[in-house]
Amino acid sequence: DAGITQSPRHKVTETGTPVTLRCHQTENHRYMYWYRQDPGHGLRLIHYSYGVKDTDKGEVSDGYSVSRSKTEDFLLTLESATSSQTSVYFCAIRNEQFFGPGTRLTVL
Amino acid sequence: AQSVTQPDIHITVSEGASLELRCNYSYGATPYLFWYVQSPGQGLQLLLKYFSGDTLVQGIKGFEAEFKRSQSSFNLRKPSVHWSDAAEYFCAVPISSGSARQLTFGSGTQLTVLP
């Protein structure tokens with residue numbers, strides 16, 4: 001299995017608080033992705049990265065920012081969490097051939 | 001815009017029966033196509049992918065899929081379903097946007113397997 005970990009795996013937070021999710025890979029792949037999964041919507045791309053410090057927006061990027069300061073880590077930040085951002089978040093690498101285990105985020 | 005549609009939200013089959021999950025795509029050229037499986041509480045696992053060439057693609061766990069250009073379909077099949085196949089299945093097509101290729105997913109088909 002590809003070495004992809006996500007942290008935390010579960011988080012409950014309150015509306016208006018900042019939240020950062022981390023994706024860590026040990027595969028040295030150039031491309032990394034953040035998706036959110038919601039019932040009836042499948043997976044939707046939030047942001048992706050094509051190299052260190054190189055990122056771009058996906059389909060549902062509003063309210064999210066990302067950073068990639070080194071190859072192995074891709075961070076997803078919710079600057080001010082809202083209830084609509086309650087979801088399961090997945091990281092992926094290598095043109096989405098490998099997915100992480102997911103982070104379940106609940107915003108109260 | 002490129003997209004995929006999975007017409008069946010939920011399918012129930014008996015263990016040992018054959019399975020076919022439908023996926024229809026909307027794409028101008030010959031698409032790349034993917035099928036993923038997601039077990040409860042887990043991430044997605046790539047079952048198989050079609051890039052070009054042979055229209056019948058073999059994947060892991062005994063699954064196969066057939067690309068049919070005339071029907072704009074890429075249906076997933078398995079001749080004999082096992083209880084462990086109960087999961088959600090997603091079809092996906094990559095689109096080129098911005099600086100990288102991105103995947104667009106169907107909304108998924110939930111498979112229930114009866115004993």
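Since we're looking at a predicted model, the values are computed, not measured. Quick note on labels: first sequence line is chain A, next is B, and so on, each numbered from 1. Heavy-atom basis, side chains included; hydrogens, waters and symmetry copies ignored.
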J.: Going by ring-ring contact (aromatic ring centres under 6.0 Å, His included), name the residues that satisfy it together with Tyr36(B), two or more places apart in sequence or in a different chain.
T.: Phe99(A), Phe105(B)
J.: Atom CD of Gln42(B) and atom CZ of Phe90(A): how far apart are they, to the nearest 0.5 Å?
T.: 9.5 Å
J.: Could you give the distance from CD (Gln37(A)) to CG (Leu44(B)), rounded to the nearest 0.5 Å?
T.: 6.5 Å
J.: Quick one: what part of Gln6(A) sits under 4.5 Å from any heavy atom of chain B, side chain, backbone, both or neither?
T.: neither
J.: Do Ile60(B) and Phe67(B) sit in the same hydrophobic cluster, where Ile, Leu, Val, Met, Phe, Trp and Tyr count as joined when their side-chain heavy atoms come under 4.5 Å apart?
T.: yes
J.: Sort out for me which residue in Tyr48(A), Tyr35(A), Tyr33(A) forms a side-chain contact (heavy atoms from CB on, under 4.5 Å) with Leu103(B).
T.: Tyr35(A)
J.: Is Gln6(B) close to chain A through its backbone or its side chain, or both, or neither, when contacts mean heavy atoms under 4.5 Å?
T.: neither
J.: Taking only residues at least two apart or on different chains, which pairs with a member in residues 16-99 of chain A satisfy disulfide (SG to SG under 2.5 Å)?
T.: Cys23(A)-Cys91(A)
J.: Do Phe51(B) and Tyr31(A) land in one hydrophobic cluster if side-chain heavy atoms of ILVMFWY residues count as linked below 4.5 Å?
T.: yes
J.: Kindly check if the number of other-residue, nucleotide or ligand heavy atoms within 6.0 Å of CD1 (Ile9(B)) is above 12?
T.: no
